[in-house]
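Contents: one structure, followed by commentary.
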2 protein chains.
Amino acid sequence: MTLEIPEVVINRLPIYARALSALAEEGESVVSSQTLGEKLDVTPAQIRKDLSYFGRFGKQGRGYNVNGLLRKLREILGLDQQWRVCVVGVGRLGHAIVEYGGFEPQGFQIVAAFDTDPGAVGRQVGNLSIRDARELESFLAENRVDIGVVAVPASAAQQVVDRLVAAGLRSILNYAPMPTHVPEGVAIRHIDPVLAMQSMTFYIKQRDGVHG
Amino acid sequence: MTLEIPEVVINRLPIYARALSALAEEGESVVSSQTLGEKLDVTPAQIRKDLSYFGRFGKQGRGYNVNGLLRKLREILGLDQQWRVCVVGVGRLGHAIVEYGGFEPQGFQIVAAFDTDPGAVGRQVGNLSIRDARELESFLAENRVDIGVVAVPASAAQQVVDRLVAAGLRSILNYAPMPTHVPEGVAIRHIDPVLAMQSMTFYIKQRDGVHG
DNA sequence: GCCTGTGAAGGATTTCACAGCC
DNA sequence: GGCTGTGAAATCCTTCACAGGC
């Protein structure tokens, strides 16, 4: 398909899609790059340029059809499909992830949860029964899974990522405080609130000088 | 102090600091940009250039002193200090945040939690008693708080961010699935696992074509 | 008149490549 | 010989500005 679309562009598309959803719910039928940009703190030129990688969706003089563009973006991103997700590590964090209600409505269905702790295996979380992490490979061989969520301690993160990749997964969401790496061709995203805070403190310090 | 250091650079420093911590624990005393880069999937030149914004910390022919550089980075980022954090919104997500043990050891102390729900106010979470969100401004006026964590529903996020900013907070970590905006001079970071997944599905689709 | 789509310009970030020092 | 620090080059990304269509 279309080659070499910058990753920054891909990362912005879901934001556009979300804003368009909101506009659609408010009953708006048309939106200009100007108006959309104001809602999102993005320049209109950026929105137009981003969209131009995928086609010509607007109408001169009017703007974009909200539902039309939303449908297009959902198609491009695959948000019109169901995605199957497994979670590895069901400690406090993994628990919260499995029970978080925000994934399902967006098409991300959690189909399995794994843990190494014999005390956790077999327990019920949400509507899943926790599986033994030793079954990870066999489960992935027998069931379609699209995305792996890693919620294990930092010390185990790389090993778990390696197993997921070896088993054929190509998309990983890593919650472990550890910058695991993956081979070319595997998408990985890191969720790390501590890192996020640690980069903000630099600016606090710069502004205010040193606290007690 | 030093002016105009790119934000991307600041965002990488905590990663370097974390890797140096690990090296220090392993008893390594010296590391080259080459070796550090391999651990982090970052080019050696990038590491050297990033560090050069802040000074000259290495020794030609040897590399960097692990503990020395770590101390420097912690000082630059303010990680050698205690930071006071408040959490707004103590639903399931806020709960998990307050009870997550990963912040305290890094110097981020959660000093208050707020909610609007009368049924939640007064309840105990971790070692905090949930406060009425109406007390937010008075609490911030009387107590030093450095970082505000927003864990409210999307519909309330912008409003909460506005209140935090109006009360003088200049660093915000937003967990709400909603790209809130803030005035110049306020640092904000978004944590949004759904967005992260939605950008990965693009690549799955590109590789594999469409699933059922 | 308004707004898109897009080459070209501009700006930011990364990488190169090497002088200089240990 | 190995490795840093850094100008210069290369690359990547954003913004400009305007031709063209509604």
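For clarity, every value in this text was computed on a predicted model and none was experimentally measured.
B/D50 places its CG atom 10 Å from the P atom of C/dT15, with the value rounded to the nearest Å. Atom CD in A/E38 sits roughly 11 Å away from atom P in C/dC3 (whole-Å rounding). Taking atom OH of residue A/Y53 and atom P of nucleotide C/dT4, one finds them 18 Å apart after rounding to whole Å. A straight line from CG of B/L13 to P of C/dT13 spans 14 Å, rounded to a whole angstrom. Rounded to an integer number of Å, the gap from CZ of A/R48 to C1' of C/dC2 is 11 Å. In this structure, the CD atom of B/E7 is 12 Å from the P atom of C/dT14, given to the nearest Å. Taking atom CD on B/Q60 and atom C1' on C/dC18, their separation rounds to 12 Å, with Å as the unit.
Residue whose closest nucleotide on DNA chain D sits further toward the 5' end, between A/K59 and A/P6: A/P6. Taking the nucleotide of DNA chain C with the nearest heavy atom to each of A/V31 and B/G61, the more 5' of the two is matched to A/V31.
A/D80 has no carboxylate O lying under 4.0 Å from a charged side-chain N of A/R74, or vice versa, which leaves the two without a salt bridge. Salt bridge absent: B/R48 and B/D50 never bring a charged side-chain N and a carboxylate O closer than 4.0 Å.
Side chain A/R56 to base C/dG5: no donor-acceptor pair is found below 3.5 Å.
Rounding to the nearest 0.5 Å places CG of B/L36 at 9.0 Å from OH of B/Y64.
At C/dC22, none of the side-chain N or O atoms of B/Y64 fall inside 4.0 Å of OP1 or OP2 (strictly under the cut-off).
Scanning all heavy atoms of the two residues, the minimum distance from B/A151 to B/Y175 falls at CA-CB, 4.4 Å.
Under the rule for a salt bridge (Lys or Arg N to Asp or Glu O under 4.0 Å), the partners of A/R189 that lie at least two apart in sequence or sit in another chain are A/E7.
Put simply, the side chain of A/R170 gets close to the backbone of A/V165: a donor and an acceptor are under 3.5 Å apart.
Between chain B and DNA chain D, the heavy-atom contact criterion of under 4.0 Å yields a 5' to 3' nucleotide range of D/dG2 to D/dA8.
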